[in-house]
Structures are given as C-alpha cells and as structure tokens.
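Heavy atoms only: backbone and side chains are in, while hydrogens, waters and symmetry mates are out. One-based numbering along the sequence shown.
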Amino acid sequence: MALSLQEKILDPNQGVYLIGTTPPKVGTDKEKLENIATKLLARLHEIEYDGVVIYDIQDESSRTQVPRPFPFKHTVDPCEYSQLIHKLSNLDVITYKSVAQREASEFSEWLTNTKHQFGLKNLVLVGSPSSEGDIKLSLSDAYQALSEHKDEFFLGGVTIAERHASKRNEHERLLDKTTQGCEFFISQAVYNAQATVDLITSYARSCRQQGQTPKRIILTFTPCGGQKTLEFMQWLGISVPEATQWRILDADNSLSESIRICKESLDQILKSCAHLNVPLGLNIESLTNRKEEIDASINLYRLLKATMELTLAEKQIA
C-alpha cells in the first residue's frame with residue numbers, strides 16, 4: 001500500500017517531492033477554476049511527485065518600502081483550491097494559511113471548516129510579514145489554538161535561511177516551532193546555498209545538544225527567467241548573491257542558467273549536510289504564471305529529484 005504524504009515526511013528514509021503553486025485570482029468562476037487546475041495537473045502528468053503545496057498569498061507591502069514588481073492580486077481561498085487539486089489528482093495537498101487576519105475564535109472556526117468542509121489536514125501556518133499593521137492573531141497563538149482544537153492536523157512551518165544569515169537564530173525558531181507542534185518545515189526559495197547550509201548545520205547541532213531528532217526540511221527551488229522575476233524574488237526577501245544575479249542576467253538563456261545554479265546549490269547543500277542526519281525534501285515552484293517559467297520548473301523538478309534520489313540511495317547503501 002502506498003504511503004501517505006504524512007508517512008513519507010515522517011520517515012527519514014523516504015524521499016519527499018512536492019510541487020508548489022498559487023491559487024488563481026479571486027473571482028475566477030468554478031468552471032474556469034477547474035480548467036486551470038486540470039491544465040496544471042496535465043503539465044505535471046509526466047512526472048512523479050508526492051503532493052502539491054497550495055500557497056496563501058499575502059500583500060507583503062508592509063515588509064519593505066520597495067515597490068512590488070508585480071501588482072498584488074487576491075486569490076481564490078487556498079482551501080477551496082486545495083480541495084479541487086486533491087479531488088482531481090487524488091494526491092495529498094499541503095495548504096498554507098496566513099493567520100494574522102483572524103481572532104482566535106475565528107481561526108478555530110476556520111480550522112473546523114478546513115477539516116470538515118474541505119477535508120484538509122496538512123497545514124503550514126504563516127504569520128504576519130511584518131510587526132506593523134493590524135495583527136489579530138500571532139503565529140504562536142495560532143499554534144496554541146490549533147493544539148487545543150478538537151480535530152487533528154498535520155502541521156508544518158516555514159523556515160527562512162536569510163533570516164538565519166542576519167539574526168543567527170533561525171535554528172532556535174525551528175526548535176520552538178517543533179515544541180508548538182510542527183512536524184516539518186518548508187524553506188523559502190534557495191538561491192544562497194551557504195545560508196541554507198549554515199541554517200541546517202546550526203539546527204542539527206542544536207538538536208544533537210538537546211537530544212532531539214531533527215524534523216524534515218523541505219527545500220524550495222524556483223527557476224528565474226530574467227530581470228522582472230529576479231526583482232520579484234528579491235522583493236520577497238530571497239537572497240540572491242550578486243555574482244549569481246549576473247550569471248542569470250548575462251546568460252544567453254537565463255532560465256537554463258538558473259536551473260544550473262539551483263542544481264549547484266542543491267549539490268552544495270547535500271554535500272555539506274550529508275553527515276548531519278537532517279532529512280531533506282524538495283518543493284519546486286514557479287513564481288510567475290509565464291509558460292516558459294512553469295515549463296522550466298518541471299525540468300528543474302526532474303533534475304533536482306534525480307539528484308536527491310541518488311544521494312538517498314547512496315546513503316542507504318552506506
């Protein structure tokens with residue numbers, strides 16, 4: 001019998017391979033919504049993957065003074081889109097949810113609807129993008145509300161290597177989130193491999209010191225097709241070293257070059273962290289709806305999955 005996504009994530013001997021996507025814009029009618037989901041799944045039909053990550057897009061303008069490269073558009077409810085993707089693919093989904101907009105009682109009601117109306121249990125909760133603005137529910141309080149809820153969920157958290165590079169405490173956040181119920185973590189898109197290596201190393205060391213078993217960290221990678229996508233990545237807070245920026249922008253084919261960079265980054269992470277016994281996984285996304293970048297993300301998925309599978313096989317032989 002095939003393992004569920006939850007079982008795979010919890011088993012360090014299993015590979016975990018995900019596809020990340022964003023719901024269509026709000027106001028999309030149900031027929032068009034189903035057409036979009038069907039088209040996405042048709043593109044993914046030729047690859048084998050374990051599940052789909054459905055993001056909850058926030059307006060993160062409060063996080064930075066830099067203008068947003070692409071206009072912010074509200075999207076269809078991630079739960080609705082997750083339910084549709086699961087129905088059409090019969091694959092497990094992981095649904096992101098921004099928690100800052102609801103009071104604790106409203107959030108508890110949302111959890112009930114998520115489980116019983118939409119049939120979802122795999123969640124990643126996301127806090128406010130900044131400390132400014134009207135924050136009705138903190139991430140810690142959301143974790144507490146979830147732990148007290150009558151229904152059971154499989155909870156994951158977000159991890160940001162760039163935050164570790166500046167504050168040196170992201171590994172402590174992972175340990176804290178684990179005590180609050182997180183069973184896995186999904187990273188922000190990786191373009192600075194050393195920052196990710198530093199985070200995983202600090203996390204593994206702290207787990208060892210505290211006698212804890214490290215949770216799985218699912219690494220996100222995304223292709224970059226040019227200046228506009230690069231600007232959006234940087235606006236989102238993704239660290240792209242200057243030399244890497246020029247490699248992408250000066251290349252004859254920016255998408256192909258970005259794929260090579262992602263492969264090099266994964267190689268560096270796997271080589272540097274192989275001895276740390278932190279289970280890893282992959283999440284491949286496209287940050288734009290450009291056909292070229294979506295197609296490139298599928299090529300990227302194939303390459304990185306093969307790389308990860310080889311490393312996993314070598315580890316099992318050893």
Just by modelled atom types, is the Ala104 backbone N or O under 3.5 Å from a matching donor or acceptor in the Ser108 side chain? no

Flag, side chain of Ser206 to backbone of Tyr203, donor-acceptor distance under 3.5 Å: no

CG (Leu84) and OG1 (Thr38) are apart, to the nearest 0.5 Å, by 7.0 Å

Closest heavy-atom pair and its distance - Leu137, Asp141: CD1-CB, 3.6 Å

What's the verdict on side chain to side chain contact (heavy atoms under 4.5 Å, CB included) for Leu44 and Tyr301, showing C-alpha distance, side-chain angles and the deciding distance? CA-CA 10 Å; Leu44 301 176; Tyr301 176 89; over 6 Å; no

If we ignore angles and hydrogens, is there a donor and acceptor under 3.5 Å between the side chains of Ser286 and Ser297? no

Decide yes or no on side chain to side chain contact (heavy atoms under 4.5 Å, CB included) for Arg302 and Glu46, but give the supporting numbers first. CA-CA 10 Å; Arg302 286 196 185 95; Glu46 58 200 72; 2.2 Å; yes

State, with a plain yes or no, whether a side-chain heavy atom of Val126 is found less than 4.5 Å away from one of Val99. no

In this structure, are over 12 heavy atoms from other groups packed under 6.0 Å from Gln209 atom CD? yes

Pairwise side-chain contact, Pro23 with Asp77, heavy-atom cut-off 4.5 Å (strictly under): no

Any luck finding a side-chain donor-acceptor pair between Glu285 and Thr220 under 3.5 Å? no

Sub-3.5 Å donor-acceptor pair from the side chain of Tyr96 to the main-chain atoms of Ile57, do we have one? no

Are Val278 and Cys273 packed together at the side-chain level, in the sense that at least one heavy-atom pair is separated by less than 4.5 angstrom? no

With a 4.5 Å limit on heavy-atom distance, are the side chains of Arg290 and Lys228 in contact? no

Do you know which two heavy atoms are closest between Leu312 and Pro12, and how far apart they sit? CD1-O, 4.3 Å

With no hydrogens and no angle check, just 3.5 Å: does a side-chain donor-acceptor pair link Glu309 and Tyr17? yes

In this structure, CG of Asp50 is separated from CD of Gln6 (nearest 0.5 Å) by 13.5 Å

Can you tell me how far apart CG (Leu111) and CG (Asp151) are? Round to the nearest 0.5 Å. 8.0 Å

Approximate separation, where rounding is to 0.5 Å, of His171 NE2 and Leu199 CG: 9.0 Å

Identify whether the distance between the nearest side-chain nitrogen and carboxylate oxygen of Glu109 and Arg102 falls below 4.0 Å. no

Test: salt bridge (charged side-chain N to carboxylate O under 4.0 Å, His left out). Region: residues 213-227. Which pairs qualify, not counting sequence neighbours? Glu183-Lys215

Can Leu88 be reached from Leu120 by stepping across I, L, V, M, F, W or Y side chains whose heavy atoms are under 4.5 Å apart? yes

Taking the side chain as every heavy atom from C-beta outward, state whether Leu175 and Cys207 have any atom pair closer than 4.5 Å. yes

Expected output: side-chain Ser258 to main-chain Cys224 donor-acceptor under 3.5 Å: yes

Would you check if the side chain of Thr95 reaches a backbone N or O of Cys79 as a donor-acceptor pair within less than 3.5 Å? no

Within a strict 4.5 Å, meaning less than it, do heavy atoms of the Leu236 and Met233 side chains meet? no

Residues Lys291, Asp295: salt bridge by 4.0 Å N-O rule: yes

Backbone N or O of Ile160 within a donor-acceptor pair of the Glu170 side chain at under 3.5 Å? yes

Neighbour count above 12 (heavy atom, 6.0 Å) for Glu152 CD: no

More than 12 heavy atoms of other residues, nucleotides or ligands under 6.0 Å from NZ of Lys30: yes or no? no

More than 12 heavy atoms of other residues, nucleotides or ligands under 6.0 Å from CD of Gln210: is that the case? yes

Sequence neighbours left out, what passes side chain to side chain contact (heavy atoms under 4.5 Å, CB included) with Gln227? Give chain and number order. Glu231, Leu249

Linked, directly or transitively: Leu174 and Ile269 (ILVMFWY side chains, under 4.5 Å): yes

Please check if the side chain of Gln245 supplies one atom and the backbone of Val240 the other of a donor-acceptor pair under 3.5 Å. yes

Expected output: side-chain Asn283 to main-chain Gly20 donor-acceptor under 3.5 Å: yes

Checking Lys177 against Tyr143: charged group under 6.0 Å from the ring centre and within 45 degrees of the axis? no

Any non-hydrogen side-chain atom of Gln180 less than 4.5 Å from a side-chain atom of Gln144? no

For the side chain of Lys97 and the backbone of Asp56, is there at least one donor-acceptor N/O pair under 3.5 Å apart? no

Do Asn169 side-chain atoms and Glu172 backbone N/O form a donor-acceptor pair below 3.5 Å? no

Side-chain donor-acceptor contact under 3.5 Å, Thr112 with His149: yes

From CA spacing to verdict: side chain to side chain contact (heavy atoms under 4.5 Å, CB included), Ile36, Tyr81: CA-CA 10 Å; Ile36 292 171; Tyr81 199 56; 3.8 Å; yes

side-chain hydrogen bond (donor to acceptor under 3.5 Å, both in side chains) assessment of Glu293 paired with Thr229: CA-CA 10 Å; Glu293 293 194 354; Thr229 302; 2.7 Å; yes

Side-chain heavy atoms of Arg208 within contact of Arg205, under 4.5 Å: yes

Quick one: do Arg260 and Glu257 satisfy side chain to side chain contact (heavy atoms under 4.5 Å, CB included)? Show the steps, please. CA-CA 5 Å; Arg260 278 189 283 272; Glu257 191 65 24; 2.9 Å; yes

Heavy-atom closest pair (Ile259 atom, Ala296 atom, distance to 0.1 Å) is CD1-O, 3.7 Å

Minimum heavy-atom separation for Leu125 and Ala142, please, with both atom names. CD1-CB, 4.1 Å

Leu280: which of Leu266, Leu270, Ile218 passes side chain to side chain contact (heavy atoms under 4.5 Å, CB included): Leu270

All heavy atoms of Pro214 vs all of Asn277, minimum pair found to be CG-O, 3.9 Å

Ser239 side, atom OG; Arg163 side, atom CZ - distance, nearest 0.5 Å: 14.0 Å

For residues 78-92, pull every pair meeting salt bridge (charged side-chain N to carboxylate O under 4.0 Å, His left out), keeping only residues two or more places apart or in separate chains. none

Out of curiosity, does Tyr49 fall in the hydrophobic cluster containing Ile217 (side-chain heavy atoms, cut-off under 4.5 Å, transitive links)? yes

With rounding to the nearest 0.5 Å, note down the distance linking CD1 in Ile94 to CG in Leu155. 10.5 Å

For Ala37 versus Ile85, what's the shortest heavy-atom pair and its separation? CB-CD1, 3.8 Å

Is Ile186 reachable from Leu10 through a run of I, L, V, M, F, W or Y residues, each pair having side-chain heavy atoms under 4.5 Å apart? yes

Just by distance, with hydrogens left out, do Gln194 and Asp198 show a side-chain donor and acceptor under 3.5 Å apart? yes

Please answer: with hydrophobic residues joined when any side-chain heavy atoms are less than 4.5 Å apart, are Leu219 and Ile47 in the same cluster? yes

